[in-house]
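Here the structure is a predicted model, which is why all the values come from computation and not from measurement. Because only heavy atoms are used, hydrogens play no part in the values below, and waters and symmetry mates are left out as well, while side chains stay in. Residue numbers begin at 1 in each chain, while the letters A, B, ... track the order of the sequences.
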Number of protein chains: 2
Amino acid sequence: MRRVRTMEEFASASGISRPTVSKYFQDPGSVRESTRARIEAALERLEYRPNVYAMNQNRRLTRNIGVVVPLLSDPFFGELARILERLCIEAGFRPILLSSDGDGAREGENLDTLLSLKPAGALMAPLGRASDRDAVAGFAAEVPTVLVDNNLEGIGAEFVGLDVGRAVGTIVDYLCRSGPPPCLFEMADPPNPNARRRRAAYAAAMGRLGHEPMVVSVPGEGWEFEEIGLRGGLAMLEGGGAPSGTVLCSNDRLAIGLLAAAFRQGVRVGIGKGCAMRVAGIDDHPFARFTCPSLTTVAQDYERMAGRAVATLLSVMEGGGSGPAGERREVIFDGRLVMRSSA
Amino acid sequence: MRRVRTMEEFASASGISRPTVSKYFQDPGSVRESTRARIEAALERLEYRPNVYAMNQNRRLTRNIGVVVPLLSDPFFGELARILERLCIEAGFRPILLSSDGDGAREGENLDTLLSLKPAGALMAPLGRASDRDAVAGFAAEVPTVLVDNNLEGIGAEFVGLDVGRAVGTIVDYLCRSGPPPCLFEMADPPNPNARRRRAAYAAAMGRLGHEPMVVSVPGEGWEFEEIGLRGGLAMLEGGGAPSGTVLCSNDRLAIGLLAAAFRQGVRVGIGKGCAMRVAGIDDHPFARFTCPSLTTVAQDYERMAGRAVATLLSVMEGGGSGPAGERREVIFDGRLVMRSSA
DNA sequence: CTAGAAACTTTGCCCGTGTAAAGAACATAG
DNA sequence: CTATGTTCTTTACACGGGCAAAGTTTCTAG
């Protein structure tokens with residue numbers, strides 16, 4: 001298999017003109033079938049791959065799609081990123097995965113990096129509070145962007161996420177009708193603004209059912225939610241336990257920490273008799289099935305959310321990006337109650 | 001802040017010639033200090049970033065470093081990737097993170113993608129059995145490569161990983177001197193060749209201590225280790241429990257599944273009295289601290305391993321890549337026994 | 001068979017930077 | 001102040017493809 005360096009060489013070796021070969025590489029479907037067959041035949045004889053850098057230099061848009069997540073070591077985002085990547089590839093694009101590592105400055109750098117890569121679009125789960133809002137807005141003004149998981153009002157072509165109100169409502173309803181009403185277990189100073197929405201949704205749901213909201217705010221900074229949940233949980237349990245014996249954690253990672261605390265304190269968690277506490281979470285973390293006891297939670301449908309986000313992005317990119325476009329939309333999906341053993 | 005599009009414009013606006021500016025961007029230290037100051041002053045007045053594609057087109061090597069991991073949704077690799085990325089950035093390179101998603105074909109595509117990006121080097125944790133060995137070897141022949149976590153004999157400039165023999169020895173020793181000797185809980189058909197090394201190391205360690213190895217091989221395919229551990233664990237417990245009451249899991253993810261199984265079956269795990277089983281793992285998974293009970297395991301020193309891998313890669317890259325270079329080395333680090341509550 | 005559209009070829013210039021060569025300006029030591 | 005090496009400027013070409021225009025061939029429809 002001879003090695004060929006330039007498109008010129010490849011074109012003459014395959015008996016096709018260079019501009020046509022160029023067209024082929026931009027979109028194999030854009031050339032006549034017989035031509036495509038000849039090119040692909042040549043492609044098997046000759047080892048040739050177009051030079052990425054030369055290709056992208058004069059292209060207005062590349063086939064790159066930026067994927068930015070807050071923290072890759074969080075399995076929730078790991079999973080989300082995985083699905084987004086797969087969908088991008090299936091659509092014929094090259095995903096560029098960047099993690100902000102929980103750091104606003106890093107997020108900004110990631111956007112800068114992306115900008116200089118001239119991506120055709122971007123899928124972004126913003127950090128939230130730590131995000132430099134202007135930087136994100138500036139980025140989204142230049143690159144078609146769909147926000148995921150975490151909304152920044154007014155930025156990007158669309159936001160895709162969880163219907164926090166209904167999701168929290170669902171689990172609060174469930175907890176209230178199956179036992180004592182839940183208190184909310186959350187971080188006093190959460191890095192993620194979703195936490196605030198969840199608190200508000202909790203209060204609303206409790207109010208609707210005629211209960212007084214009870215909030216346990218635990219201290220801690222950063223993204224080590226399990227650790228924070230563990231420490232906060234120990235403190236809560238040593239200080240007399242959960243207000244009502246039922247705890248709704250602001251997210252599954254906190255719940256994992258709280259379950260560990262309960263286990264250490266010998267507090268039995270679950271719904272059977274002999275159980276002293278019920279614990280529920282939100283997100284359906286990949287590990288929620290393996291906690292002890294397994295965690296009752298509200299599942300986000302990663303797959304559908306990612307599918308919607310990618311579909312929207314593709315259509316926005318199609319539309320040339322900066323047309324008058326449609327209104328910005330916020331697409332929120334229902335959470336699905338996942339009943340396991342912890343509540 | 002005026003926006004400038006080309007290096008030409010930027011050069012004339014800053015009163016420096018373009019070739020010098022070009023030098024500056026390749027290595028700010030390569031120009032005289034006064035010149036650097038003038039350029040950096042201009043950089044603050046003018047908004048300019050060199051075009052990545054034009055830059056890399058004529059460069060033999062870019063400043064990219066490929067980072068390939070088997071499965072990003074596994075927190076172990078998520079964490080490893082995060083550290084590797086950080087180290088690359090600190091060294092002034094741009095990491096390109098690619099996940100093979102547990103699929104050999106995908107790994108091959110990732111290497112292809114990387115190749116066309118002309119990376120200065122690559123850090124790779126191979127899939128193992130699913131890897132296309134020839135593809136990886138071919139890649140490593142063209143790009144300075146350091147293998148991490150999972151060794152493929154003879155490929156790459158160096159392998160950095162865990163000293164499986166000693167790590168397994170350490171935990172087996174500990175388990176044996178603190179209670180009944182452990183059986184090994186593992187997948188019958190593991191996707192990861194490390195598992196085979198661990199089995200061998202287990203047998204050796206047991207032999208050394210005068211015990212007969214006992215292996216519980218559970219069925220299952222793919223990378224859903226927790227699920228496999230859970231099912232296999234349930235089967236084992238229903239079938240009479242662990243051979244000796246002490247279980248060493250081939251990795252922490254299996255252990256997490258086994259702990260969940262034990263919890264469901266009401267089998268108390270730990271070292272206190274009243275405990276029916278001891279469970280230990282290997283890896284020190286980020287979640288091992290939050291299992292119930294917390295998991296005794298052998299920690300891999302991610303940070304040191306990553307540091308060594310990056311340092312080696314940098315020095316190999318320095319050396320021009322394809323010199324006679326040194327011998328290929330295999331650098332293995334000791335595991336650190338982490339005693340928690342499960343064993 | 002013929003017209004018109006679609007697809008292709010040819011030609012030629014452009015993109016934004018790397019890089020080499022030759023000479024000018026500058027720094028440092030004596 | 002002069003010598004010598006550094007660093008910079010100037011000039012010029014290279015890289016590998018994108019893209020547009022004009023002309024040619026091929027396909028499709030009537």
In whole angstrom, what separates [X]'s [atom1] from [N]'s [atom2]?
X	N	atom1	atom2	value
R63(B)	dG18(C)	CZ	P	13 Å
F10(A)	dC15(D)	CZ	P	20 Å
M7(B)	dC15(C)	CE	P	16 Å
M55(A)	dC15(C)	CE	P	19 Å
E8(B)	dT17(C)	CD	P	9 Å
E33(A)	dA6(C)	CD	C1'	15 Å
R38(B)	dT7(D)	CZ	C1'	12 Å
R59(B)	dG16(D)	CZ	C1'	17 Å

Respond yes when some side-chain nitrogen or oxygen of [X] is under 4.0 Å from OP1 or OP2 of [N], and no when none is.
X	N	value
T35(A)	dC8(C)	yes
Y48(B)	dT17(C)	yes
T20(A)	dC8(C)	no
Q26(A)	dC19(D)	yes

With distance as the sole criterion, is a donor-acceptor pair present between the side chains of E40(B) and Y24(B) under 3.5 Å?
yes
Do the side-chain N and O atoms of R18(B) and S22(B) include a donor-acceptor pair separated by under 3.5 angstrom?
no
Please say whether more than 12 non-hydrogen atoms of neighbouring residues, nucleotides or ligands are located less than 6.0 Å from [atom1] in [X].
X	atom1	value
E90(A)	CD	yes
R45(A)	CZ	yes
R133(B)	CZ	yes

Report which part of the nucleic acid [X] touches: base, sugar-phosphate, or nothing (heavy-atom distance under 4.0 Å, all strands).
X	result
P19(B)	base
S22(A)	sugar-phosphate
T6(B)	sugar-phosphate
S34(A)	nothing

Considering only side-chain heavy atoms of N51(A), which listed nucleotide, dG18(D), dT17(C), dG16(D), is closest?
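The listed nucleotide nearest to N51(A)'s side chain is dG16(D).
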By nearest atom, which of the nucleotides dG16(C), dT9(D), dG17(D) is closest to the N58(B) side chain?
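From the listed options, dG16(C) comes nearest.
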Does any N or O donor sit under 3.5 Å from an N or O acceptor when you compare the side chain of Q57(A) with the base of dG16(C)?
yes
Regarding dG16(C), can its base be found pairing with the side chain of R18(B) as donor and acceptor, where the two atoms are less than 3.5 Å apart?
no
Nearest-nucleotide wise, let me know which of A54(B) and K23(B) is further upstream toward the 5' end of DNA chain D.
K23(B)
Quick one: on DNA chain C, does N56(B) or R32(B) contact a more 5' nucleotide (nearest heavy atom)?
N56(B)
Does a side-chain heavy-atom distance below 4.5 Å link I155(B) with T145(B)?
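Contact flag for I155(B)/T145(B) side chains = no.
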